[in-house]
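First comes the structure, then the notes that go with it.
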Amino acid sequence: MTNTRLLARDEVPTELTWDLTLLYPSDDAMRADLDDTLLLADKLSGFAGHLNGAKELLAALNTHKQIETDLEKEWLFVKSC
């Protein structure tokens, strides 16, 4: 049986890694987007008790979807570093 281990990203030749700059050009850019996502989460909490019609419900659902989309991108970037 061979002992194999997964290499850390910095141990893998660059040409064999994903180009994470397609997601974000830098860690700071991802952090800025994460700050925006946190602001959206605050906005979403403001809908509590104010979903009085289809217009408000649609706005809340769109905000929720945007948060999910943004967090997925941010998580993928961080997880892949």
Side-chain angles (χ1 to χ4, degrees):
M1 180 179 219
T2 339
N3 283 337
T4 57
R5 69 174 181 85
L6 293 176
L7 299 175
R9 183 175 174 83
D10 61 355
E11 297 174 311
V12 177
T14 304
E15 63 272 9
L16 298 178
T17 61
W18 289 5
D19 181 6
L20 296 178
T21 62
L22 297 173
L23 292 172
Y24 292 104
S26 67
D27 289 354
D28 289 339
M30 187 283 302
R31 286 187 182 101
D33 265 9
L34 183 58
D35 288 342
D36 291 342
T37 303
L38 292 172
L39 291 175
L40 278 177
D42 287 340
K43 178 180 176 183
L44 183 63
S45 67
F47 285 104
H50 297 89
L51 298 177
N52 301 320
K55 184 177 177 181
E56 293 85 5
L57 178 58
L58 180 60
L61 290 173
N62 285 336
T63 301
H64 183 268
K65 180 61 179 164
Q66 187 63 53
I67 291 168
E68 286 182 332
T69 301
D70 293 351
L71 282 176
E72 184 175 0
K73 182 180 173 188
E74 294 151 4
W75 178 85
L76 181 61
F77 181 82
V78 170
K79 184 70 175 165
S80 299
C81 286

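In what follows, every heavy atom counts, from backbone to side chain, and hydrogens, waters and symmetry copies are set aside. Keep in mind that what you see is a predicted model, and the values were worked out from it rather than measured.
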(request) Check which hydrophobic residues are tied to V12 through side-chain heavy-atom contacts below 4.5 Å, counting indirect links as well, and list them. (result) L7, L16
Straight-line distance of [X] [atom1] to [Y] [atom2], nearest 0.5 Å:
{"X": "N62", "Y": "L57", "atom1": "CG", "atom2": "CG", "value": "9.5 Å"}
{"X": "L23", "Y": "L20", "atom1": "CG", "atom2": "CG", "value": "6.0 Å"}
{"X": "L61", "Y": "L58", "atom1": "CG", "atom2": "CG", "value": "6.5 Å"}

(message) With heavy-atom distances below 4.5 Å as the criterion, would you say the side chains of T17 and R9 are in contact?
(response) yes
(request) Could you tell me whether a side-chain N or O of E72 sits under 3.5 Å from a main-chain N or O of T69, the two making a donor and an acceptor? (result) no
(request) In plain terms, say whether D28 and R31 are close enough for a salt bridge, that is, a side-chain N and a carboxylate O under 4.0 Å apart. (result) yes
(request) Can you tell me which residue pairs pass the ring pair (Phe, Tyr, Trp, His ring centres under 6.0 Å) test with a partner in residues 7-66, sequence neighbours excluded? (result) Y24-F77
Show every donor-acceptor pair shorter than 3.5 Å between a side-chain atom in residues 34-44 and any protein atom, with sequence neighbours excluded, or say none if there are none.
unit_1: T37; atom_1: OG1; unit_2: D33; atom_2: O; d: 3.0
unit_1: T37; atom_1: OG1; unit_2: E74; atom_2: OE1; d: 3.4
unit_1: T37; atom_1: OG1; unit_2: E74; atom_2: OE2; d: 2.7

